[in-house]
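As the structure is a computational prediction, the values presented were derived from the model and not from experiment. Here, residue 1 is the first one in the sequence, and each next residue gets the next number. As the structure lists them, so they are numbered: ligands from 1, and atoms in each ligand from 1.
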Amino acid sequence: MNRREFLETIAAAAVVPTLGRQDPALEWGSPVFDLHFHLRPQPAINLTHLDGAGVTKANLLTRGGALEQVKAVQAAAPGRFIWFNSYDVTRPDAEQLLTQAVKNGAQGFGEMKFHVAADGPELRRVYALAADLHVPILIHFQEVDHTPNEGTWSTGFAKTFGSVLKDYPRTTFIGHADAFWANVSADYHNEAVYPTGPIKRGGVTDRWLGDYPNLFGDMSAVSGNNALVRDPVFTADFLKRHQDKLLFGSDCSCSDGHGAGYNNPAAPGMAGKCVARETLSVLKRSTSPVIFQKIAWGNVHKLLRIPA
Ligand SMILES: [Zn+2]
Ligand SMILES: [Zn+2]
């Protein structure tokens with residue numbers, strides 16, 4: 001959109017009557033923070049999803065120059081949005097622009113989703129920068145195409161990311177997406193986008209969440225939801241063991257927080273559903289109110305050192 005349209009959008013958002021009036025805290029028995037919410041161009045549309053899904057606050061994931069849009073969303077709903085920024089890690093100016101984003105108020109890097117190796121030089125320099133700037137880095141790990149030639153992102157997770165965690169103890173990593181969550185099970189070898197059935201204990205994601213204080217898990221998207229629904233007995237135990245390391249996120253693209261327009265070709269069963277609602281529901285039925293509150297709200301505030 002051009003500058004005029006952008007300003008009109010802000011003006012329109014300012015007069016939407018329901019902004020900030022709803023108190024979504026009660027719906028889930030705890031306020032909810034959505035760590036994984038992709039910035040939508042019109043400020044009011046961002047709020048429609050939050051209010052519809054019963055979410056109190058969200059982290060806007062942005063890419064490249066997004067400061068003006070972030071400011072507009074924050075102005076439309078004071079106190080409800082923070083932001084992360086990402087930038088093409090293959091570009092030589094990546095460190096410079098990511099540093100500037102943090103100076104402008106970004107509280108993390110993400111989501112980092114690029115066609116590079118998880119332990120390659122492009123991402124390694126950003127891991128080091130995240131430590132220097134004291135911000136976490138949220139990474140999309142995916143080894144299997146959803147659609148032909150879609151490509152893979154941050155590849156080599158199961159084989160190489162253990163060494164990255166060792167090499168960068170001062171960097172806070174937040175893992176996300178297909179390969180991160182499929183590797184909760186020890187029998188995963190990149191054969192499916194969303195593996196089903198009972199989980200085999202000892203998967204690398206489970207082990208590393210236990211072994212490395214600098215690794216956290218973002219429960220968003222169908223990948224996070226799938227890991228939670230495939231083996232309820234495992235899930236209850238997993239949530240208990242990693243209750244301080246898991247962060248709720250939606251990565252939902254539905255328009256209204258109730259599933260309108262949601263369509264993921266790799267997960268036909270989720271069509272027309274809101275991923276935020278689906279994952280909050282499975283979390284709620286799988287764990288205690290105290291652990292639910294940590295995952296949905298408390299942990300992210302502690303991690304980002306922001307007041308709850
Ligand atoms: Zn992602
Ligand atoms: Zn949704």
Side-chain angles (χ1 to χ4, degrees), residues 22 24 27-28 32-40 42 44-63 80-81 83-89 108-116 118 123 126 136-147 150-155 157 161 173-183 193-194 205 216-228 247-267 269-284 296:
Q22 280 172 290
E27 177 166 5
W28 301 103
V32 173
F33 186 108
D34 184 347
L35 176 76
H36 199 119
F37 186 85
H38 289 281
L39 173 68
R40 303 175 184 202
Q42 298 175 327
I45 303 299
N46 295 277
L47 281 162
T48 301
H49 194 273
L50 265 64
D51 289 342
V55 170
T56 306
K57 294 198 234 172
N59 180 29
L60 300 167
L61 300 180
T62 68
R63 183 170 292 192
R80 295 186 69 183
F81 291 97
W83 63 296
F84 280 13
N85 189 239
S86 76
Y87 188 80
D88 187 344
V89 294
F109 296 159
E111 91 174 276
M112 306 310 280
K113 183 178 181 181
F114 302 98
H115 299 298
V116 296
L123 275 171
V126 182
I137 176 166
L138 194 168
I139 307 165
H140 180 111
F141 297 102
Q142 184 180 332
E143 312 275 359
V144 184
D145 286 2
H146 287 200
T147 51
E150 183 192 20
T152 53
W153 284 277
S154 319
T155 50
F157 171 75
F161 204 66
F173 295 94
I174 306 174
H176 147 79
D178 306 14
F180 185 81
W181 287 113
N183 280 294
V193 174
Y194 304 126
T205 298
F216 292 76
D218 161 358
M219 312 237 54
S220 70
V222 174
S223 54
N225 183 275
N226 184 63
L228 291 172
L247 311 159
F248 168 75
S250 74
D251 200 7
C252 185
S253 58
C254 90
S255 62
D256 61 354
H258 291 277
Y262 187 80
N263 183 30
N264 177 338
M270 292 292 273
K273 294 180 179 172
C274 173
V275 185
R277 290 189 158 275
E278 293 300 308
T279 295
L280 287 165
S281 299
V282 62
L283 284 170
K284 201 134 178 83

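- When atom types are taken as modelled, the side chain of Ser220 and the backbone of Phe248 share no donor-acceptor pair closer than 3.5 angstrom.
- Asp34 contributes no side-chain N or O that, together with a main-chain N or O of Ala58, makes up a donor-acceptor pair within less than 3.5 Å.
- Salt-bridge check for Lys284 with Glu27: failed, with every basic side-chain N at 4.0 Å or more from each acidic carboxylate O.
- Note that CG of Asn225 and CG of Asp251 are 11.5 Å apart. Values are rounded to the nearest 0.5 Å.
- Between the side chain of Thr205 and the main chain of Phe180, a donor-acceptor pair closer than 3.5 Å is present.
- Counting only distance, with no hydrogens or angles, the side chain of Asn226 and the backbone of Val222 share no donor-acceptor pair below 3.5 Å.
- Of the possible donor and acceptor atoms, none in the side chain of Arg63 sits under 3.5 Å from a partner among the backbone N and O of Asp88.
- Taking 2.8 Å as the limit, the number of protein N, O or S atoms around the Zn ion (ligand 2) is 4.
- Checked by atom type and distance alone, the side chain of Asn46 pairs as donor or acceptor with a backbone atom of Arg40 at under 3.5 Å.
- Taking 2.8 Å as the limit, the number of protein N, O or S atoms around the Zn ion (ligand 1) is 3.
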Check your understanding: Between Tyr194 and His146, does a ring-ring contact (aromatic ring centres under 6.0 Å, His included) hold up when you go through it step by step?
Key -> CA-CA 10 Å; Tyr194 304 126; His146 287 200; 5.5 Å; yes

